Colleague: 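Handing you this structure, nothing more for now.
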Amino acid sequence: MDAYEIQAGSGLSSLKKTNRTSLPLPANGLRLRMKAAALNSRDLSVARGQFTGLQPHPVVPLVDGCGEVVETGPDVTRFRVGDRVIPTYYPGWLDGRISPHKTAASFGVQIDGTLTTEMVGPENGFTRAPRNLDDAEAATLCCAGLTAWNALFVAGAARPGARVLLLGTGNVSLMALVLAKAAGLSVLITSSQNERLQRARVLGADETVNYRLNPEWQEDVLRQTGGTGVDLVLEVGGEHTLPRSLKATAVGGRVVVIGRLSGGGDVPISTGALIGGSRSLSGITAGSRTMLEDLIRFVEVNGIRPVMDTRFSFENAASAYEHFASDRPFGKVAITIDS
Ligand SMILES: NC(=O)c1ccc[n+]([C@@H]2O[C@H](COP(=O)([O-])OP(=O)(O)OC[C@H]3O[C@@H](n4cnc5c(N)ncnc54)[C@H](OP(=O)(O)O)[C@@H]3O)[C@@H](O)[C@H]2O)c1
């Protein structure tokens, strides 16, 4: 089988195509013919050595993927040959409360991931793919999609009609935008570029703010919500955006902390805003398999399609990484593997 390997911390140039022997199939295992994979911000962090739990040896990268089951171990009960499946972010986190044990391993970081023609893994680490999506679209759900779902509807507990603030037009925000609109939420989104804000409006965004032209963008958010603020913020910015996000949050609202696009340093937080304003602040990491299954049902019922930027061939995986790292894609960058 053909697979890519990357040496964590050695940069994008360490991505190499290689030939590996097929792994033996465990009793609870699935053998997949991989159809597609997709890139996430964390995959660049892995390459740059900025992610926790990195391995000293080369690993097959990426967690987003979609494959067809070609062989099942004798103990497998949830899948049959021919099923189309996608990985869960943490194969050990099936349901319930998060724990260090459940999140000890993620595909493409501690264990081999999806950028390969053949993948072997425990059946518990996979769910069926959504019927309404093609392979590359289905491959985009398990990281940014699952995180957006958890942030909006699990940690964020958003109800129809809630006002949600999305920061920038990256993968998590665009996934959240399409999910939020399907759920009847009101979406306010920021971007550094008016052209991207226009595209967000076409996708259903209700209000937009250019954070480059308006460095005090939280003031615009307050103005656009009649001085009240939003019910929920999906905080992907970190160090330089989190204090502003808190100011843009309504009394009783929530900030779900997801990422560190603007920096990962410590942040001064107003305890008064949390206590007197009864605001809550919570961090999340991806989500459980149950959350992913809920997301898949929601995607099917509502005919949701992820925003796609570019599809690269397996042979051109290095170009996919370059495009993702350098060109600020609008939507997911996918790699088709067996088309
Ligand atoms: N906790 C989790 O489980 C989890 C899961 C997925 C991702 N993450 C993290 O969440 C963050 C976002 O991930 P992603 O995949 O959406 O990243 P991404 O696709 O790489 O996001 C890129 C976009 O971020 C926006 N951006 C950059 N700096 C910004 C700033 N200071 N303020 C507002 N927007 C800014 C830009 O939007 P414009 O071009 O519109 O300006 C840019 O196009 C990353 O830090 C990632 O590591 C965490």
Side-chain angles (χ1 to χ4, degrees), residues 38-48 50-53 62-64 88-90 93 98 103 106 108-109 140-152 154-156 165-178 188-201 203 205 208-218 220-221 233-245 248 255-265 267 282-288 291-292 295 306-310 321 323-334:
L39 282 152
N40 288 285
S41 193
R42 68 155 218 167
D43 303 310
L44 297 183
S45 302
V46 168
R48 292 168 179 155
Q50 300 161 340
F51 210 77
T52 45
L62 309 191
V63 62
D64 269 352
T88 60
Y89 190 89
Y90 294 115
W93 188 12
I98 193 168
T103 56
S106 175
V109 184
T140 68
L141 292 186
C142 100
C143 181
L146 174 60
T147 303
W149 176 266
N150 183 358
L152 286 170
V154 185
L165 171 62
L166 307 175
L167 304 187
T169 54
N171 278 319
V172 173
S173 294
L174 288 181
M175 282 286 189
L177 171 57
V178 292
L188 211 153
I189 191 166
T190 73
S191 175
S192 56
Q193 294 172 24
N194 288 339
E195 182 258 336
R196 292 170 79 93
L197 290 175
Q198 186 49 39
R199 293 175 79 175
R201 276 200 182 266
L203 292 168
T208 58
V209 179
N210 185 317
Y211 68 84
R212 184 68 41 79
L213 299 178
N214 303 283
E216 300 299 324
W217 47 264
Q218 75 282 359
D220 287 78
V221 175
V233 185
L234 269 55
E235 225 311 320
V236 294
E239 185 177 349
H240 297 293
T241 58
L242 181 49
R244 289 193 162 81
S245 291
V255 178
V256 177
V257 182
I258 298 168
R260 302 184 270 200
L261 287 166
S262 73
V267 175
S282 56
I284 62 163
T285 172
S288 67
M291 293 181 209
L292 183 61
L295 165 63
V307 182
M308 302 298 285
D309 180 88
T310 316
Y321 266 86
H323 177 60
F324 186 73
S326 310
D327 299 339
R328 279 213 180 186
F330 189 90
K332 294 293 293 190
V333 175

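All values reported here derive from a predicted model rather than from experimental measurement. Just so you know, these numbers use all the heavy atoms, side chains as well, and skip hydrogens, waters and symmetry mates. Counting starts at 1 for both ligands and their atoms, following the listed order.
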Colleague: Considering the heavy atoms of Ile284, write down every atom of ligand 1 situated less than 4.0 Å from one of them.
Modeller: 1 (N), 2 (C), 3 (O)

Colleague: What about Arg196: any of its N or O atoms under 3.5 Å from an N or O on ligand 1?
Modeller: yes

Colleague: Could an N or O of ligand 1 be found under 3.5 Å from any N or O of Ala144, whether backbone or side chain?
Modeller: no

Colleague: Which ligand 1 atoms does Gly259 reach within 4.0 Å, using its non-hydrogen atoms?
Modeller: 9 (C), 10 (O), 11 (C), 45 (O)

Colleague: Indicate yes or no: does an N/O atom of Phe324 lie under 3.5 Å from an N/O atom of ligand 1?
Modeller: no

Colleague: Heavy-atom distance to atom 31 (N) of ligand 1: which of Ser45, Ser262, Gly238 wins?
Modeller: Ser262

Colleague: What are the atoms of ligand 1, with element, lying closer than 4.0 Å to any heavy atom of Thr285?
Modeller: 1 (N), 2 (C), 3 (O)

Colleague: Give the atom numbers and elements of ligand 1 that come within less than 4.0 Å of a heavy atom of Thr169.
Modeller: 37 (O), 38 (P), 39 (O), 40 (O)

Colleague: Could an N or O of ligand 1 be found under 3.5 Å from any N or O of Ser192, whether backbone or side chain?
Modeller: yes

Colleague: Does Asn171, backbone or side chain, put an N or O under 3.5 Å from an N or O of ligand 1?
Modeller: yes

Colleague: Please determine if Ser191 has a nitrogen or oxygen closer than 3.5 Å to a nitrogen or oxygen of ligand 1.
Modeller: yes

Colleague: Does the N or O separation between Arg260 and ligand 1 drop below 3.5 Å for any pair?
Modeller: yes

Colleague: List every atom of ligand 1 that sits less than 4.0 Å from any heavy atom of Ala286, numbering the atoms from 1 in the order shown and giving each element.
Modeller: 2 (C), 3 (O)

Colleague: Which is closest to atom 39 (O) of ligand 1 by heavy-atom distance: Arg328, Arg244, Lys332?
Modeller: Arg328

Colleague: Counting C-beta onward and ignoring hydrogens, is there a side-chain heavy-atom pair between Val307 and Lys332 closer than 4.5 Å?
Modeller: no

Colleague: When you compare ligand 1 with Ile258, is there at least one nitrogen or oxygen pair between them that comes in under 3.5 angstrom?
Modeller: yes

